[in-house]
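Whatever order the structure lists ligands and atoms in, that order sets their numbers, starting from 1.
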Amino acid sequence: MPNEALVVIDMQNDFCDGGALAVPGANAVVPLVNRLIARHDNVVLTQDWHPPGHASFASARPDGVPFATVTFPYGPQTLWPDHCVQGTPGAAFHPDLEITKAQMIVRKGFHPSIDSYSAFRENDRMTRTGLDGYLRARGFTRLILCGLALDYCVAWSAIDARQAGFDVAVVLEATAAIDLEGSKKRMLSEMRQAGINLNVTV
Ligand code: VGL
Ligand code: ZN
């Protein structure tokens, strides 16, 4: 469909098996994402892309513990193991991901003191990545999302996409979740409430 784009979120080595922030079940998702890519004319990829010492890394704080929640100037922020450092193998796309067709690659999380789960708006909820302008300029009205992690970057991107006025569907079987403290259940419910279609299959 000419008005539809597939947005593949963060299918990077560090989120896959053996990676620094491995999402359980991530590798099994790769062939399903590839099938979606094969079936879409318009494909956008996102890439988590942090500078070394990024503020979201537990290692950047003397008392930092991975997966703990701390308060940043913009509000609560989960601390993560170092991951997706710019230019490292961990930040590269999974080698089996079929990236040839991608028309646009959006990088996020590159501001040293702001994390960015959403591909549209960083965690300060103010800094914009520009993706909505790109998608609108291309004439897309409907977005299909898949990738990693369901309860962080996929969910936050889907909710922001809805807020930006797009029709949004998330292909759940082509995602995998981190599931920290009930985050999977919570974000599934928030996505449903936001009017995101969760019934699309591969
Ligand atoms: C992500 C945590 C930190 C994600 C990125 O892609 O879901 N999660 N950075
Ligand atoms: Zn990150």
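Enclosure of atom NZ in K185 is not indicated, since only 12 or fewer non-hydrogen atoms of other residues, nucleotides or ligands lie within 6.0 angstrom.
Residues satisfying the salt bridge (charged side-chain N to carboxylate O under 4.0 Å, His left out) criterion with E4, sequence neighbours excluded, are R142.
For the side chain to side chain donor-acceptor pair (under 3.5 Å) test with H83, the passing option among D48, D14, N13 is D48; the others fail. The side chain to side chain donor-acceptor pair (under 3.5 Å) with R121 is formed by just one residue from the set T129, D132, D160, T127; it is D160.
At a threshold of 4.0 Å, the pair D10-K108 counts as salt-bridged, since one of the basic side-chain nitrogens sits closer than that to a carboxylate oxygen.
The hydrophobic cluster containing V85 also includes F57, under a criterion of side-chain heavy atoms closer than 4.5 Å among ILVMFWY residues, counted directly or through chains of members.
Hydrophobic clustering keeps V70 apart from I178 (ILVMFWY residues linked when any side-chain heavy atoms are closer than 4.5 Å, directly or through intermediates).
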Just list the N/O pairs, ligand 1 to protein, that are under 3.5 Å apart, with the distance for each.
residue, atom, partner, partner atom, Å
ligand 1, 6 (O), D10, OD2, 2.7
ligand 1, 6 (O), L148, O, 3.4
ligand 1, 7 (O), A149, N, 3.0
ligand 1, 7 (O), C153, N, 3.1
ligand 1, 9 (N), D48, OD2, 3.1
ligand 1, 9 (N), H83, NE2, 3.1

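Side-chain atoms of Q12 do not come within 3.5 Å of backbone N or O of C84 as any donor-acceptor pair.
For the Zn ion (ligand 2), protein N/O/S neighbours under 2.8 Å (waters excluded) are D48 OD2, H50 NE2, H83 NE2.
Side-chain N/O atoms of T88 and Q86 include no donor and acceptor closer than 3.5 Å.
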